[in-house]
A.B. asks: 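What follows is a structure written as structure tokens; I'll ask about it next.
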Amino acid sequence: MRRVSLYDSMTRATRGFAPISPPRVGLYVCGLTPYAPAHVGHGRTFVIFDMVARALRRWGYRVFYVQNVTNLDDKLIARAAEADDDPLALAERHFLDFRRSMERLGVRSVNYYPFATDYVPEILDQVRALVDRGFAYVASDGSVYFEVAKFPRYGALSGQKVTALQPGARVEVDPRKRSPEDFVIWKAATPGEPSWESPWGPGRPGWHVEDTVMTGKLLGARYDLHGAGLDLIFPHHEAEIALSEAATGLAPMVNYWMHTGLVSMTGEKMSKSIGNVSSLEQAIDDFGPAVLRFYYLNAHYRSAVDFVPGKSLEECREAYARLALPATRIAELLERDGPDRAGDPVPAELADAAGELVEQLDSTLAEDFNSREAIAALFGWTRRLTELVPQLEHLDGAGLAQLDAPYAWARETLGLFEREGSTRTGAWARVVPLLLDARARARSRGDFAEADRIREELRALGIVVEDSSGSTRWRFADPS
RNA sequence: GCCGAGGUGGCAGAAUGGUUAAUGCGACGGACUGCAGAUCCGUUUCCUGGGGGUUCGAUUCCCUCCCUCGGCUCCA
């Protein structure tokens, strides 16, 4: 296992990562409440933790990655009511869309997506335990609240002092609470909502308790790593700590907290409730998954990034295309001729440099997942290889694989450079070269009118033909 | 008001108690090309919010001020 250091939001320091029972790592990331389509900001958090899981696995850790789904809450109920729909069905639909986006983005590292409503019996057990132990109280309507005053460590993660909070700053104070900082863990049902029987009457789980029950059941009372966007630090993660540690008596609930920086748009946090969102699905459609991953990983995960429509992803498209060029050429050659293709061996110093770079990439990423530095190093490799692009044609399969090693590293950890299906299979792969041969003959006899006609005909079919000094290449036109 | 994270070139965005502050985008110039496109090469010397302090040396550490963003019981 490689030595990894990461910034822990609880201690506010970069620390060496030591799992409770190596090589196993329990990773929990707060997933989304699927009441609306996912936006570009959500994608950032999930791509980042996908990278974290991929990298840890590469380095020998056995990561069990859980990402929850809050499939029932006030917003879902409100949205469903507007559309005369069932909240659980609405959540299911949005979740499936979200999974499709994640699949397209190459986020495949999550082992399990638990749904909150599948854990109601366990949630009731935890609520009951908290009441029994005196940490929670039952209000007159049958709702159950956690009493923050009973848990002195409350506020350790966020640095907040309960006395300094401004109750009602953004959300109205619930009159059933003993104290404004208390939070609901079991909500008495209003007629028409999905509800479950409980000792306190029909109701449904509060948000915070869902997570502690699922992590407790799936990862244990104490586990290694908890991640999410930093907007969840207060109150959600503070509440998770209080609930779990109060209910189990075991602390700390989690050893390392990782929080990702937020994506803003027009200077404000991108947020469903503000409405300044840019659809994740649309961004993938327009730019492809690789450009989006590049966008996310091209900044340190903890820094805030501003999303500028019409600019941010366009810039990344240019940069990524340049970065990926040698990787694409190598992949094309290996795809065409197979891994055993004949040719010259690669010069030893170049092969060595590739190996050294891979080591450098690993150590860079192992220091608090600095994907930006890794990408900068990859640009260095691309610069070096682009000078050799005309010579790649003459190298043997093993040599190409050696030169590809840094890109293969990025495929594994960053999820970049993955070929989205071959563009060169099927009938096109046979027919287009025939047409290009005819065009080449036309060009060589000076019949440029015919050459241009063939190029235009192909263009109309969505195939772009590009000449370079020695050869002609073709590709499918960009989707937009 | 309180808590937290920040302020780096035209833009995005890293890093560091010490030679030219990474990388990319953009811009400009050139190469290649029948044309188009793509690609490549070069240039972009004057970039670390203001003021103090510590130090031989600060963009980095400390204090203070200003500004921005996030949170204050909806949120990735």
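A note on names: the letters A, B, ... follow the listed sequences, proteins ahead of strands, and every chain is numbered from 1.
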A.B. asks: With rounding to whole Å, what would you report as the distance between B/A38 and B/U33 at their C1' atoms?
C.D. replies: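 About 11 Å, rounded to a whole number of Å.
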
A.B. asks: Counting only Watson-Crick or G-U wobble pairs whose two distances fall under 3.5 Å, which nucleotide matches B/U16?
C.D. replies: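 For B/U16, the partner nucleotide comes out as none, under the 3.5 Å rule.
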
A.B. asks: Name the closest nucleotide to the A/Asp231 side chain, picking from B/A76, B/G13, B/G6.
C.D. replies: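 Taking heavy atoms from C-beta onward, the closest nucleotide is B/A76.
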
A.B. asks: Looking at A/Asp467 and A/Arg473, is there a salt bridge between them, counting it only when a charged N and a carboxylate O are closer than 4.0 Å?
C.D. replies: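 No, no charged N to carboxylate O under 4.0 Å.
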
A.B. asks: Suppose you measure atom P in B/G42 against the same atom in B/A22; what distance do you get, rounded to whole Å?
C.D. replies: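 That atom pair is separated by 15 Å.
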
A.B. asks: Given B/A76, is OP1 or OP2 found less than 4.0 Å from the side-chain N or O atoms of A/Lys269?
C.D. replies: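 No.
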
A.B. asks: Run the side chain to side chain donor-acceptor pair (under 3.5 Å) test against A/Arg336 and tell me which residues pass, sequence neighbours left out.
C.D. replies: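 With sequence neighbours excluded, A/Arg336 shows a side chain to side chain donor-acceptor pair (under 3.5 Å) to A/Glu393, given in chain and number order.
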
A.B. asks: With the threshold set at 4.0 Å, does a side-chain nitrogen-carboxylate oxygen contact exist between A/Arg453 and A/Glu457?
C.D. replies: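 A salt bridge is present here (some side-chain N lies under 4.0 Å from a carboxylate O).
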
A.B. asks: Considering only the P atoms, how many Å lie between B/U20 and B/C47, rounded to the nearest integer?
C.D. replies: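 B/U20 and B/C47 have their P atoms separated by 13 Å.
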
A.B. asks: Might you list the N or O atoms of the protein lying below 3.5 Å from N or O atoms in nucleotides 20-28 of chain B, with each pair's distance?
C.D. replies:
unit_1, atom_1, unit_2, atom_2, d
B/U23, O2, A/Arg372, NH2, 2.3

A.B. asks: Which one, B/C3, B/A14, B/A76, comes nearest to the side chain of A/Gln160?
C.D. replies: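 For the A/Gln160 side chain, the nearest candidate turns out to be B/C3.
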
A.B. asks: Ring stacking, A/Phe448 with base of B/G34, under 5.5 Å and under 30°?
C.D. replies: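 Yes; centroid distance and tilt both under limits.
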
A.B. asks: Nearest to the A/Leu325 side chain among B/G4, B/G70, B/U39, which nucleotide is it?
C.D. replies: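 Out of B/G4, B/G70, B/U39, the nucleotide with an atom closest to A/Leu325's side chain is B/U39.
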
A.B. asks: OP1 or OP2 of B/A76 versus the side-chain N and O atoms of A/Thr33: is any pair under 4.0 Å?
C.D. replies: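 Yes, because at least one side-chain N or O of A/Thr33 sits under 4.0 Å from OP1 or OP2 of B/A76.
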
A.B. asks: Could you check whether A/Lys311 pairs with A/Asp306 (Lys NZ or Arg NE/NH1/NH2 to Asp/Glu carboxylate O, under 4.0 Å)?
C.D. replies: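 So A/Lys311 does not pair with A/Asp306 through a salt bridge.
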
A.B. asks: For the C1' atoms, the ones on B/U59 and on B/G6, what distance do you get once it is rounded to whole angstrom?
C.D. replies: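 Result for the C1' pair: 15 Å, nearest Å.
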
A.B. asks: Between the base of B/C69 and the side chain of A/Asp306, is there any donor-acceptor pair under 3.5 Å?
C.D. replies: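 In this structure, the two groups form no donor-acceptor pair.
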
A.B. asks: Measure from CD on A/Glu387 to C1' on B/G42 and round the result to the nearest Å.
C.D. replies: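 That distance rounds to 12 Å.
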
A.B. asks: Would you say A/Ile241 and A/Trp257 make side-chain contact, with heavy atoms under 4.5 Å?
C.D. replies: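 Result yes, sub-4.5 Å side-chain heavy-atom pair found.
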
A.B. asks: Can you check whether any acceptor in the base of B/A38 is under 3.5 Å from a donor in the side chain of A/Arg473, or vice versa?
C.D. replies: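 Such a pair does not exist between side chain and base.
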
A.B. asks: Would you measure the distance from the P atom in B/G26 across to the matching atom in B/U64 and give it in whole Å?
C.D. replies: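 Comparing P positions in B/G26 and B/U64 gives a spacing of 43 Å.
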
A.B. asks: With rounding to the closest Å, how many angstrom separate the C1' atoms on B/U54 and B/C61?
C.D. replies: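 After rounding to an integer number of Å, I get 8 Å for this pair.
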
A.B. asks: Is A/Asn370 near enough to B/A14 that one of its side-chain N or O atoms lies under 4.0 angstrom from OP1 or OP2?
C.D. replies: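 No.
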
A.B. asks: Determine the contact category for A/Ser9: base if any of its heavy atoms lies under 4.0 Å from a base atom, sugar-phosphate if only primed atoms, P, OP1 or OP2 are that close, otherwise nothing.
C.D. replies: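 It contacts nothing in the nucleic acid.
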
A.B. asks: Please report the interatomic distance CG(A/Asp211) to CG(A/Leu243), rounded to the nearest 0.5 Å.
C.D. replies: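 If we round to the nearest 0.5 Å, A/Asp211:CG and A/Leu243:CG are 9.5 Å apart.
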
A.B. asks: Between A/Asp368 and A/Arg302, is the closest basic N to carboxylate O distance under 4.0 Å?
C.D. replies: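 A salt bridge is present here (some side-chain N lies under 4.0 Å from a carboxylate O).
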
A.B. asks: Take atom P in B/C65 and the same atom in B/G70, then report the distance between them in whole Å.
C.D. replies: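 That atom pair is separated by 23 Å.
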
A.B. asks: Taking the basic N atoms (NZ, or NE/NH1/NH2) and the acidic carboxylate oxygens, is any pair closer than 4.0 Å for A/Arg204 and A/Asp74?
C.D. replies: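 A salt bridge links A/Arg204 with A/Asp74.
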
A.B. asks: Please give, in whole Å, the distance from B/A76 C1' to A/Trp257 CH2?
C.D. replies: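 Answer to the nearest Å: 14 Å.
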
A.B. asks: Using Watson-Crick or G-U wobble geometry with both distances under 3.5 Å, which nucleotide pairs with B/G4?
C.D. replies: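 Pairing partner: B/C69.
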
A.B. asks: Scan every strand shown for a Watson-Crick or G-U wobble partner of B/C25, both distances under 3.5 Å, and answer none if you come up empty.
C.D. replies: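 For B/C25, the partner nucleotide comes out as B/G10, under the 3.5 Å rule.
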
A.B. asks: Measure from the side-chain heavy atoms of A/Arg439 and tell me the nearest of B/U73, B/G34, B/A14.
C.D. replies: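 Ranking B/U73, B/G34, B/A14 by closest atom to the A/Arg439 side chain puts B/G34 first.
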
A.B. asks: Side-chain N or O of A/Ser303 less than 4.0 angstrom from OP1 or OP2 on B/A14?
C.D. replies: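 Yes, A/Ser303 has a side-chain N/O under 4.0 Å of OP1/OP2 on B/A14.
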
A.B. asks: Roughly how far apart, to the nearest Å, are B/C11 and B/U16 at atom C1'?
C.D. replies: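 Their C1' atoms lie roughly 23 Å apart.
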
